[in-house]
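Below you'll find the structure, written out as structure tokens, and then a few comments.
Throughout, protein chains are lettered first and strands after them, A, B, ... in sequence-line order, and every chain is numbered starting at 1.
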Amino acid sequence: MAEDIALTLPDSLRLYQPDRLGFDQLAQTPNEWFVQRYPLAYQNHGSPFLELLQLRDGFSQQILSLVLNHDFFAAVLGGRKDLNHHVIYFVPEMEWYFKDSDNIYKTTTQEKLQNQYRALMMKCAQDMPIQVHKLNLVHEFRSDRNAKIILQRAKSILAADQSYFSATSSNQRIRGPELYERLMRVLCDTMLEQSEGGCLTVSEAYQVFCKLAQQNSLDQIKRSMFKEIMRDLIKDEFGVGLRRDVLNAENKQQEGWRGLKLLGMEGLVG
Amino acid sequence: MHCINSRISDQETNPFLKKLDRLDEAKLKYAGSEWLLNFLRTERCLKPPVLTDEQLLLWQKTLP
């Protein structure tokens, strides 16, 4: 149908026209409705729909959304920037994450994203005035076929790599191996101090770390894994290497660091 | 007429009315934000607590 109209009525076809819309105006077309809410998606991927304008009775026009721009709607799933929303597809784990209102990224599913897409399309249809033909908005564009195509496109448009949730990134998620390294960095930054004659054994540091992990509702990790990451962090931050001749409280030689001491133990529970 | 004019001028200058306007705007925006986020949340996602009026205004200030 769209191809027939493109051939017979090319002058009646419209993409979104930026000059008409003020930000305080109510959207009169589906294109306006979506661009008002997702201006960045429009900047990057163009008009949400190809619309057909038809004269109804000599005085008024009827607007029919004819063709859907799948790329625009894939970008829409990325979230509204003005509401601080953000959705990514985390490629290393093939998982969808959204930024919740506590600023922590949580996992979601592609079915839930499809639900959101369909709800947006329906809300747009409900907000439209009488001269907008709503059949495609309510039926065709909300079909499983279209929702699946959009989700597939969104995987590349919203793709994020390993660095997105790295231990030094400002983006934090609810679960992930990098959370342990983040906590170890906190331990290094706030609870360790260089001190001449000071000693810190791996066991002492691990004990403190386990309490910190418990406070932050994280599961424990193996001591060997802790030692491996901590060794590199302390080397980077304090320039001190791990050695095997550090004396503990019972005067036994242990693995640990010389010239470091623990601070701020009072804040830890248990 | 005088009454209407003074009311309009009150709305522009009265800090209490201004705060109510900002609060209404924040409530509307927050409701829209939660409407969208609720589609993505799963049962095991802890839902953030309901915000007080002051927290709502603060939340609005954090938006880009």
Measure from the side-chain N and O atoms of A:Gln116 to the backbone N and O of B:Leu36, and report whether any donor-acceptor pair falls under 3.5 Å.
yes

dist A:Asp100:CG -> B:Glu34:CD (nearest 0.5 Å) comes out at 7.5 Å

Just wondering, do A:Asn84 and B:Pro64 contact through their side chains at under 4.5 Å, heavy atoms?
yes

Heavy-atom proximity to chain B below 4.5 Å, by part of A:Leu120:
both

Can you confirm whether A:Lys148 is buried at NZ, in the sense that more than 12 heavy atoms of other residues, nucleotides or ligands lie under 6.0 Å from that atom?
no

How far does CG of B:Leu37 sit from NE2 of A:His85, to the nearest 0.5 angstrom?
3.5 Å

Look up atom OG in A:Ser101 and atom OH in B:Tyr30, then write down how far apart they are to the nearest 0.5 Å.
5.0 Å

Shortest non-hydrogen separation from B:Leu40 to A:Thr108 and the atoms involved:
O-OG1, 2.8 Å

How about B:Asp24: does its CG atom have over 12 heavy atoms from other parts shown lying under 6.0 Å from it?
yes

Apply the test side chain to side chain contact (heavy atoms under 4.5 Å, CB included) to residues A:Asp82 and B:Leu63: give CA-CA distance (whole Å), side-chain angles for both, the deciding distance (0.1 Å), then the verdict.
CA-CA 6 Å; A:Asp82 63 320; B:Leu63 297 179; over 6 Å; no

Closest non-hydrogen atom pair, A:Ala119 against B:Phe39:
CB-CZ, 3.3 Å

In terms of heavy-atom proximity below 4.5 Å to chain B, should A:Lys123 be classed as side chain, backbone, both, or neither?
side chain

Walk me through it: do A:Lys112 and B:Thr42 pass the test side chain to side chain contact (heavy atoms under 4.5 Å, CB included)?
CA-CA 9 Å; A:Lys112 282 186 173 291; B:Thr42 53; 3.7 Å; yes

